[in-house]
S.K.: 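Before I ask anything, here is the structure I am working with.
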Amino acid sequence: MTIKSREEIEGLRLYTPGKPIEKVKKEYGINSVIKLASNENPLGPSPKAVNAIKNYLNCVSLYPDSNSTELKQSLAKAFNVNSNQILPANGSDELTDLLAKAFIEPDDEVIMADITMTRYYTTTLMMSGKPVIVPLKDWTNNLDEMLSSITNKTKMICLCNPNNPTGTIFNNDKFEHFLSNVPKDILVVCDESYREFVEDPSYPINSTRFLSKYNNLVIIRTFTKIYGLAGLRIGYGISSPNIIEILNKIRCPFNVNLLAQTAATAAIDDTEFVKKCYNLNIEGKSYLYKQFDILNLEYQKTESNHIWVKSIIDSTITSTELQKKGVIIRPFGGNWFRVSIGTMEQNEKFIFELKNLYKK
Ligand SMILES: *Cc1c(COP(=O)(O)O)cnc(C)c1O
């Protein structure tokens, strides 16, 4: 007899991560593989972060600071909020999880886009909540439609800005209008994992300023993307002290490991690296736009480090064929796929193989 899990867990599907480089090398017997599937930083980690953790490798026999005190203080200073408004976590993914555990009761409704981070959907189901799916409009979170979808059962609304996988944003005015129309007993969770890549000046880059007026807002950010610390697992939430306290009660006592705390604290000051990544991303996107135009491919202009592209054949086939040539991208079913912007050399390799594939 097998032991049964809670019923809501039986129906959940496993998360499919981007295929690891080593696996593709083995599968197709090739030596050179590039991964443009998981929006990882093509320039690696922040050098300041790497330097900082070198001094702490011998300290991993000790527990980390349970309160991530220093990291919290640095973040508070950087974003002009109080330390008690910040919760560092084991990747921003952990925050999505904690929010679901803390707030979603059976049959509560959680509003989210149809094409967005899948974790919002999974964590809602995990807590027996009901995902209420609002289709994207022009590939962007449709805030007006989300407002009209609010019922007396709505508990949470999950926004992703820029949206993964489509790379689109909603602007500051739209966000403010949205916040002012959401009842205060509904949580608004805004995932800003890619905020540092945004070019558009109308983006709410200082969204923390809304916190003084809207204590139902939770902003989620991460060191995974522009700081290049995906492997260390470090993200953070910014919200009202009340919400942060609730999440603190249920998180694991040592949720952020020692090296992650050290690296992130150092990375905050690495403005030079952030700038370098930002500039490389802009160079990459303008090159890729040009190439997609030449190939006559439909795509969505991005404010992030990845582009949403319409393949001329099934995206899974495109993905498999590119893998055979050593390029890993992320198919999304139907014809659309997502490709991360890499180094110029990686972008050129991807385009070279894509052109070869579509010529056939
Ligand atoms: C990458 C990503 C995350 C996960 O970030 P971690 O900090 O690595 O957990 C969360 N949300 C979005 C939209 C992402 O693209």
Side-chain angles (χ1 to χ4, degrees), residues 15-18 20 35-42 44-46 49 68 71 75 86-101 110 112-124 136 139-141 156-170 188-198 203-204 207 218-239 247 251-252 255-257 259-261 263-265 267-268 274 277 281 300 302-308 328-330 332 337-342:
Y15 177 75
T16 324
K35 187 175 168 201
L36 300 174
S38 302
N39 305 337
E40 290 149 331
N41 196 320
S46 145
S68 305
L71 173 58
L75 287 166
I86 296 180
L87 180 63
N90 187 38
S92 60
D93 271 353
E94 190 194 7
L95 289 158
T96 311
D97 222 74
L98 291 173
L99 285 162
K101 286 178 186 163
V110 179
M112 65 192 77
D114 56 345
I115 305 174
T116 191
M117 202 54 189
T118 52
R119 215 41 218 165
Y120 317 144
Y121 185 80
T122 310
T123 53
T124 300
L136 297 176
W139 300 118
T140 309
N141 281 232
M156 193 186 290
I157 305 175
C158 297
L159 308 174
C160 192
N161 197 32
N163 189 48
N164 179 5
T166 55
T168 51
I169 61 158
F170 49 82
V188 176
V189 179
C190 190
D191 185 336
E192 300 182 337
S193 293
Y194 300 97
R195 65 187 287 276
E196 295 87 357
F197 291 101
V198 175
Y203 178 75
S207 55
V218 185
I219 296 163
I220 291 181
R221 296 177 181 170
T222 186
F223 285 92
T224 286
K225 306 287 159 46
I226 207 154
Y227 295 100
L229 302 182
L232 282 177
R233 313 304 304 127
I234 172 74
Y236 56 99
I238 314 180
S239 187
L247 300 180
R251 69 173 169 90
C252 288
N255 62 331
V256 182
N257 74 74
L259 300 182
Q261 288 186 37
T265 307
I268 297 172
V274 168
C277 299
N281 193 61
Q300 174 58 47
T302 185
E303 293 293 335
S304 192
N305 69 348
H306 48 87
I307 309 183
W308 184 238
I328 316 174
I329 58 156
R330 189 69 158 268
F332 270 79
F337 68 83
R338 186 190 71 195
V339 62
S340 309
I341 299 169

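As a basis for the values below, the full set of heavy atoms in this structure was taken, side chains included, without hydrogen atoms, waters or symmetry mates. Heads up: numbering here begins at 1 and tracks the sequence. In each ligand, atom 1 is the first atom listed, and ligand 1 is the first ligand listed.
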S.K.: What are the atoms of ligand 1, with element, lying closer than 4.0 Å to any heavy atom of Asn164?
M.R.: 13 (C), 14 (C), 15 (O)
S.K.: Atom 11 (N) of ligand 1: which protein heavy atom is closest, and how many Å away?
M.R.: Asp191 OD2, 2.6 Å
S.K.: Can you tell me the protein heavy atom closest to atom 15 (O) of ligand 1 and the distance?
M.R.: Tyr194 OH, 2.5 Å
S.K.: So do the side chains of Tyr15 and Thr118 get within less than 4.5 Å of each other, counting heavy atoms only?
M.R.: yes
S.K.: With respect to atom 9 (O) of ligand 1, which of Met117, Arg119, Glu192, Arg233 exhibits the smallest heavy-atom separation?
M.R.: Arg233
S.K.: Here's a test for you: under side chain to side chain contact (heavy atoms under 4.5 Å, CB included), which of Asn39, Leu36, Thr302 qualifies with Ile341?
M.R.: Thr302
S.K.: Side chain, backbone, both or neither: which applies to Ser92 and ligand 1 if a contact is any heavy-atom pair less than 4.0 Å apart?
M.R.: both
S.K.: Kindly indicate, with the supporting measurements, whether the criterion side-chain contact (heavy atoms from CB on, under 4.5 Å) is fulfilled by Met156 and Val218.
M.R.: CA-CA 10 Å; Met156 193 186 290; Val218 185; over 6 Å; no
S.K.: Just need the protein heavy atom nearest to atom 1 (C) of ligand 1, so name the residue and atom and give the distance.
M.R.: Lys225 NZ, 1.5 Å
S.K.: Around atom 7 (O) of ligand 1, find the nearest protein heavy atom and jot down its residue, atom name and distance.
M.R.: Thr222 OG1, 2.5 Å
S.K.: Mind telling me whether Trp308 and Phe332 have parallel, tilted or perpendicular rings, with 30° and 60° as the class edges?
M.R.: perpendicular
S.K.: Just by distance, with hydrogens left out, do Arg221 and Ser207 show a side-chain donor and acceptor under 3.5 Å apart?
M.R.: yes
S.K.: Whether the side chain of Asp97 engages the backbone of Arg119 through a donor-acceptor N/O pair (distance < 3.5 Å, no angle test) should be reported.
M.R.: no
S.K.: At less than 4.0 angstrom from any non-hydrogen atom of Cys160, what atoms of ligand 1 do you find?
M.R.: 13 (C)
S.K.: What protein heavy atom lies closest to atom 8 (O) of ligand 1? Include the residue and the distance to one decimal.
M.R.: Thr224 OG1, 2.6 Å
S.K.: Taking distance alone, with no angle check, do Asp93 and ligand 1 share an N/O pair under 3.5 Å?
M.R.: yes
S.K.: Are the side chains of Thr224 and Asp93 in touch, meaning some heavy atoms are under 4.5 Å apart?
M.R.: no
